[in-house]
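These notes concern the structure reproduced below.
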2 protein chains.
Amino acid sequence: MKRNSRLSLALHTLSHMAGDPDRVRTSAAIAEHAGTNPVVVRRVLGRLREAGLLTSEKGHAGGWRLARKPGEITLADVYLALNERLVAGRENADTPECAVERALQERVAAVLEDIERSLVKRLTETSISEVRGG
Amino acid sequence: MKRNSRLSLALHTLSHMAGDPDRVRTSAAIAEHAGTNPVVVRRVLGRLREAGLLTSEKGHAGGWRLARKPGEITLADVYLALNERLVAGRENADTPECAVERALQERVAAVLEDIERSLVKRLTETSISEVRGG
DNA sequence: TTAAATGTAACCTTTTCTGTTGCATGTTTC
DNA sequence: GAAACATGCAACAGAAAAGGTTACATTTAA
């Protein structure tokens, strides 16, 4: 795992789960499949749970389960759940003194925000079951 | 400068130059405006030069100049010049043994490639002069 | 009570990027 | 020809982000 690994891991896991919904999977098993660590899995899937895409159960026979049908989970749901902002930065701003410069910076930021929205819109058009399915 | 700083810096600089094309600007002056370092500027703008978006001249009274009209430089040109791949990873792959797992991984990668292409296509629709202009 | 799972905090390591310094090279001006 | 000023580039330091790992508390079922 290297780059964009959170998104990759999330998509990989969800797609995998889509193949047999209602089945419970442990972090350890998922980590095994994804070639990573159970804690890392819990970190990423925790975000997805907060967003209502997954449920988790503690204790014996606990684990992770899809909270919705695979066809009702879009890539945008996943992307937003992870709080990634690939295009637009996370409020990088150190505001320059010069007004012209500041205005230009805001223009650039606004354009990147626009691109980000386009990206999310595009992500809305694909569901997890499509990732798996073909 | 923090996140997506290369893309930000490039867009900021190009937009700035679009305001007065044909004028030569030094790395030092650009760095001043952008709140960063001349070497960083040269690193980023060097990529843009390789892509044919800028020209640079050494020596006394040298510096950077737009190689095309601002209206003929799209955000996709800039993005691709920087060799950024925001969505799709840069060949992260460590191929897993299991064939099913490997196939799934390839599916995810293919989807992300698709998204990446959509992003670039979207970037093609905006030019530098539009960034500046409003 | 024990085993097995998540939830979290803490820490290390790796990776990536920016910032910086230094110097070679090229170009104009005097 | 020398000096001033620009890019080009290599090398290194430092910060920041992310993954990997360990440890432990908590919860739940057998």
Side-chain angles (χ1 to χ4, degrees), chain A residues 1-13 17 23-51 53-67 79 82-86 88-94, chain B residues 1-10 12-13 17 23-51 53-67 82-86 88-94:
Chain A
M1 295 255 122
K2 280 200 194 106
R3 196 116 207 265
N4 280 118
S5 58
R6 284 194 302 260
L7 186 57
S8 280
L9 174 57
L11 293 181
H12 187 103
T13 302
M17 295 176 89
R23 176 172 148 205
V24 175
R25 287 169 172 83
T26 68
S27 304
I30 293 169
E32 181 79 8
H33 285 136
T36 182
N37 190 287
V39 177
V40 174
V41 170
R42 284 196 283 265
R43 277 207 280 253
V44 171
L45 299 196
R47 303 271 193 105
L48 304 185
R49 184 194 52 229
E50 288 169 20
L53 307 182
L54 290 176
T55 60
S56 67
E57 282 159 25
K58 290 178 151 187
H60 201 110
W64 300 88
R65 206 189 302 258
L66 289 179
Y79 178 79
L82 294 178
N83 203 28
E84 307 236 341
R85 304 207 57 184
L86 260 26
R90 271 100 111 165
E91 288 135 44
N92 302 350
D94 52 355
Chain B
M1 295 253 118
K2 282 200 192 108
R3 195 117 206 266
N4 280 118
S5 57
R6 285 193 303 260
L7 185 57
S8 279
L9 174 58
H12 186 103
T13 302
M17 296 176 88
R23 174 170 148 207
V24 176
R25 287 170 173 84
T26 66
S27 304
I30 294 169
E32 182 79 8
H33 285 135
T36 182
N37 190 285
V39 179
V40 174
V41 170
R42 284 197 281 268
R43 275 207 281 254
V44 171
L45 298 195
R47 303 269 192 106
L48 303 184
R49 184 193 54 228
E50 289 170 20
L53 307 182
L54 290 176
T55 60
S56 67
E57 283 159 24
K58 288 178 155 188
H60 201 110
W64 300 88
R65 206 189 302 259
L66 288 179
L82 294 177
N83 203 27
E84 306 237 342
R85 303 206 59 183
L86 260 26
R90 271 100 112 168
E91 287 135 42
N92 302 351
D94 53 355

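Everything quoted here is computed from the prediction, not taken from an experiment. Each chain gets a letter, A, B and so on, in the order the sequences are listed, and its residues count up from 1.
Look at CD on A/Glu50: it is 16 Å from P on C/dT6, rounded to the nearest Å. Between the CG atom of A/Leu9 and the C1' atom of D/dG20 there is a distance of 13 Å, rounded to whole Å. Distance CG (B/Leu48) to P (D/dT7): 14 Å, rounded to an integer number of Å. Regarding A/Asn83, its CG atom lies at a distance of 11 Å from the P atom of D/dA18, rounded to whole Å. The CZ-P distance, from A/Arg65 to C/dA5, rounds to 14 Å in whole Å. Atom CD1 in A/Ile30 sits roughly 18 Å away from atom P in C/dA4 (whole-Å rounding). Rounding to whole angstrom units, CZ of residue A/Arg85 and C1' of D/dA17 are separated by 17 Å. Here the C1' atom of nucleotide D/dG20 and the CD atom of A/Glu32 are 15 Å apart, to the nearest Å.
A sub-4.0 Å separation between OP1 or OP2 of D/dT7 and a side-chain N or O of B/Ser56 is absent. For C/dG19, neither phosphate oxygen OP1 nor OP2 lies less than 4.0 angstrom from any side-chain nitrogen or oxygen of B/Arg43. Phosphate contact (OP1/OP2 of D/dT7, side-chain N/O of B/Arg42, threshold under 4.0 Å): present. The side chain of A/Asn37 contributes an N or O atom lying less than 4.0 Å from OP1 or OP2 of D/dT21. Taking only side-chain nitrogens and oxygens, A/Thr26 never comes nearer than 4.0 Å to OP1 or OP2 of C/dA5.
Minimum interatomic distance between B/Leu54 and B/Trp64 (heavy atoms only, all atoms of both residues): CD1-CE3, 4.1 Å. Closest approach of B/Ser27 to B/Pro38, counting heavy atoms only: CB-O, 3.8 Å.
The listed nucleotides are D/dT7, C/dT18, D/dG20; the one nearest the side chain of B/Ser27 is D/dT7. Distance from the side chain of A/Arg49 is smallest for C/dG7 among the nucleotides C/dG19, D/dT7, C/dG7. Each of D/dA18, D/dC5, C/dT25 was ranked by its minimum atom distance to the side chain of B/His60; first place goes to D/dC5. Ranking D/dT26, C/dT25, D/dG20 by closeness to the A/Lys58 side chain, first place goes to D/dT26. Picking from C/dT20, C/dT6, D/dT7 the nucleotide with the shortest atom distance to the side chain of B/Val39 gives C/dT20.
For the pair B/Leu9 and B/Arg6, the minimum side-chain heavy-atom distance is 4.5 Å or more.
Mapping B/Ala61 and A/Ala61 onto DNA chain C via the closest heavy atom, the residue that lands nearer the 5' end is A/Ala61. Comparing A/Val40 and B/Glu57, the nucleotide of DNA chain D nearest to each residue sits closer to the 5' end for B/Glu57.
Of the candidates A/Glu57, A/Arg23, A/Arg25, A/Arg49, A/Glu57 is the only one forming a side chain to side chain contact (heavy atoms under 4.5 Å, CB included) with A/Arg65.
Looking only at distances, a side-chain donor or acceptor of A/Arg47 sits under 3.5 Å from a matching main-chain atom of A/Leu82.
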